[in-house]
Amino acid sequence: MNDDLEIFRQSVLSELAEAADLKAWDAVRVGVLGKSGRLTTLLKALGKMQPEERKARGAALNRLRDELSRAVEARGQELEAAALEARLIAERVDVSQPPPASPRGAIHPISRAVEEMTAIFGAMGFSVAEGPDIETDWHNFSALNTPDHHPARTDHDTFYIAPSPELDVTHVLRTQTSGVQIRTMLQQQPPLRVICPGRTYRADHDATHSPMFHQCEGLVIGKDITLGHLKGCLIEFLRVFFGKPDLPVRFRSSYFPFTEPSMEVDIGWSRRTGEIGGGEDWLEVLGSGMVHARVLANCGLDPREWQGFAFGMGIERLAMLKNGIPDLRSFYESDIRWLRHYGADPLAPALLHEGV
């Protein structure tokens with residue numbers, strides 16, 4: 001081998017030995033054997049030599065290329081093995097140590113409130129009934145004895161669905177889950193005892209109102225249902241829900257088209273501190289009343305034989321009071337920090353005490 005080729009050989013082998021990682025090794029490989037590499041340049045120069053000289057020089061370069069190719073490949077395998085070993089050491093897991101703690105999710109306050117309401121009323125013998133979010137005008141208003149001139153029927157309060165040429169029926173986004181009560185009375189024979197939790201929609205939006213919110217309404221129908229049953233049911237529910245066995249509860253006469261007599265239900269509350277059950281103030285939390293005779297008749301029930309009571313409450317409102325949440329809009333902002341603060345432990349039961 002010519003002296004210049006021997007010097008070139010020693011230089012390449014030295015560079016390979018000094019390559020500390022695959023990146024440095026690849027730089028040597030490309031610099032020697034690549035399209036513009038030093039050995040490739042020497043091979044291209046053979047065309048300018050005399051035939052006899054080219055023959056000897058070409059044989060020497062071919063031997064050198066084979067040797068350097070083997071050396072490059074062997075050094076690459078060594079570095080790959082070393083890199084794999086280093087990675088295995090760095091990623092080694094000590095199986096004797098406990099796994100790292102991962103953050104646990106939380107149940108949204110609305111979902112937890114629905115679970116608690118279902119558990120409380122379920123202990124009283126109520127079942128859960130559901131219905132469509134898009135309701136007919138009859139189920140949402142007319143069957144509930146709501147007159148045509150009632151403000152709730154205006155476009156300012158209710159979202160109306162564009163009429164369809166195929167259907168001669170007006171549809172709305174339900175403003176209350178009372179339509180589920182109507183459907184239940186039409187589909188099932190009394191006695192009935194159901195709650196109807198679900199989404200409702202009204203054209204209103206501020207710190208305490210949302211265009212979409214949740215309600216839970218209840219209905220009891222029987223032959224011997226009295227106002228005393230209504231009061232006992234709601235007093236027990238509110239005291240269990242807020243976890244205060246001595247919670248003051250007050251019933252005030254009011255007006256709803258679908259009940260007669262109608263009553264607003266207030267709980268004891270402190271305006272100064274916001275404490276539930278404390279202070280001398282009262283806070284309205286839900287509406288109730290005895291089912292109006294016309295509503296029973298609209299559903300095919302004889303008011304002389306059947307009677308009952310109904311009630312309705314905003315789920316967000318009760319969740320805000322129970323958890324001290326100041327703004328309704330935060331329920332729908334998908335802020336993970338807010339949810340971690342106000343959310344419920346997914347492993348904690350919704351039952352609030354041993355009696356439920």
Side-chain angles (χ1 to χ4, degrees), residues 1-112 115 212 323-327 329-349:
M1 183 180 294
N2 297 339
D3 292 342
D4 63 326
L5 296 184
E6 179 60 25
I7 295 173
F8 176 73
R9 171 180 172 274
Q10 293 296 333
S11 174
V12 173
L13 293 178
S14 177
E15 292 175 8
L16 286 173
E18 294 175 357
D21 52 37
L22 288 171
K23 183 177 181 180
W25 166 83
D26 192 59
V28 175
R29 180 187 65 81
V30 174
V32 175
L33 301 175
K35 291 183 178 181
S36 301
R38 288 172 287 170
L39 183 59
T40 305
T41 302
L42 292 175
L43 289 169
K44 291 179 180 180
L46 291 174
K48 300 178 181 180
M49 295 182 177
Q50 296 296 324
E52 291 298 327
E53 184 181 3
R54 182 169 60 244
K55 182 177 180 180
R57 181 76 170 181
L61 286 173
N62 285 333
R63 289 193 299 272
L64 178 60
R65 180 181 60 187
D66 293 341
E67 181 182 355
L68 293 180
S69 296
R70 290 193 296 270
V72 167
E73 182 179 357
R75 182 56 177 165
Q77 292 175 352
E78 291 177 5
L79 292 173
E80 285 182 353
L84 178 60
E85 182 65 21
R87 181 180 175 186
L88 291 175
I89 293 174
E91 297 179 358
R92 182 174 297 167
V93 176
D94 186 352
V95 295
S96 66
Q97 296 296 317
S102 56
R104 182 186 296 172
I107 297 179
H108 196 281
I110 293 178
S111 299
R112 177 42 58 101
E115 290 179 354
M212 188 282 295
N323 297 288
I325 300 173
D327 195 322
R329 292 167 293 193
S330 57
F331 279 98
Y332 316 113
E333 291 176 349
S334 301
D335 188 333
I336 191 66
R337 298 166 300 176
W338 181 90
L339 182 57
R340 286 172 180 163
H341 180 75
Y342 290 109
D345 185 345
L347 300 181

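Here the structure is a predicted model, which is why all the values come from computation and not from measurement. Side-chain atoms are counted along with the backbone in the values below, which use heavy atoms only and exclude waters and symmetry mates. One is the number of the first residue; the rest follow in order along the sequence.
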[X] side-chain N/O to [Y] backbone N/O, donor-acceptor pair under 3.5 Å:
{"X": "Thr40", "Y": "Lys35", "result": "no"}
{"X": "Thr41", "Y": "Gly37", "result": "yes"}
{"X": "Trp25", "Y": "Leu79", "result": "no"}
{"X": "Ser69", "Y": "Arg65", "result": "yes"}
{"X": "Asp327", "Y": "Arg329", "result": "yes"}

Check your understanding: Which pair of non-hydrogen atoms, one from Ala106 and one from Gly343, has the smallest distance, and what is that distance?
Key ->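 Reported closest heavy-atom pair: CB-CA, 3.9 Å.
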Point to revise | Minimum-distance pair of heavy atoms, taken over all atoms of Pro109 and Leu339 | key: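 Heavy atoms of Pro109 and Leu339 come nearest at CD-CD1, 4.1 Å.
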Review point. Can Asp335 and Arg337 be counted as an ion pair, charged N to O under 4.0 angstrom?
Key: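 Salt bridge flag = yes for Arg337 with Asp335.
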Practice item. Decide, yes or no, whether a salt bridge links Arg38 with Glu15 under the criterion of side-chain N to carboxylate O below 4.0 Å. Key: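 Salt bridge flag = yes for Glu15 with Arg38.
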Check your understanding: Can you check salt bridge (Lys or Arg N to Asp or Glu O under 4.0 Å) on Glu78 and Arg75, steps first, answer last?
Key -> CA-CA 5 Å; Glu78 291 177 5; Arg75 182 56 177 165; 2.9 Å; yes
What is the distance from atom [atom1] of [X] to atom [atom2] of [Y], rounded to the nearest 0.5 Å?
{"X": "His341", "Y": "Asn323", "atom1": "NE2", "atom2": "CG", "answer": "8.5 Å"}
{"X": "Glu80", "Y": "Leu84", "atom1": "CD", "atom2": "CG", "answer": "9.0 Å"}
{"X": "Ile107", "Y": "Asp345", "atom1": "CD1", "atom2": "CG", "answer": "7.5 Å"}

Exercise for review: In sequence, state the C-alpha distance, the side-chain angles, and the governing distance for Val32 and Val72, and then conclude on side-chain contact (heavy atoms from CB on, under 4.5 Å).
Suggested key: CA-CA 10 Å; Val32 175; Val72 167; 5.8 Å; no
Exercise for review: Go through the steps for Leu39 and Val12 under the test side-chain contact (heavy atoms from CB on, under 4.5 Å), then give the verdict.
Suggested key: CA-CA 10 Å; Leu39 183 59; Val12 173; over 6 Å; no
Review point. If you count the non-hydrogen atoms of other residues, nucleotides and ligands that lie under 6.0 Å from CD in Gln10, is the total more than 12?
Key: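 Check passes, neighbour count above 12.
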Practice item. Assess whether side-chain contact (heavy atoms from CB on, under 4.5 Å) is satisfied between Arg29 and Asp26, documenting all intermediate values. Key: CA-CA 5 Å; Arg29 180 187 65 81; Asp26 192 59; 2.7 Å; yes
Practice item. Check the angle between the aromatic planes of Phe331 and Trp338 and answer parallel, tilted or perpendicular using the 30° and 60° thresholds. Key: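 Ring orientation, 0 to 90° scale: perpendicular.
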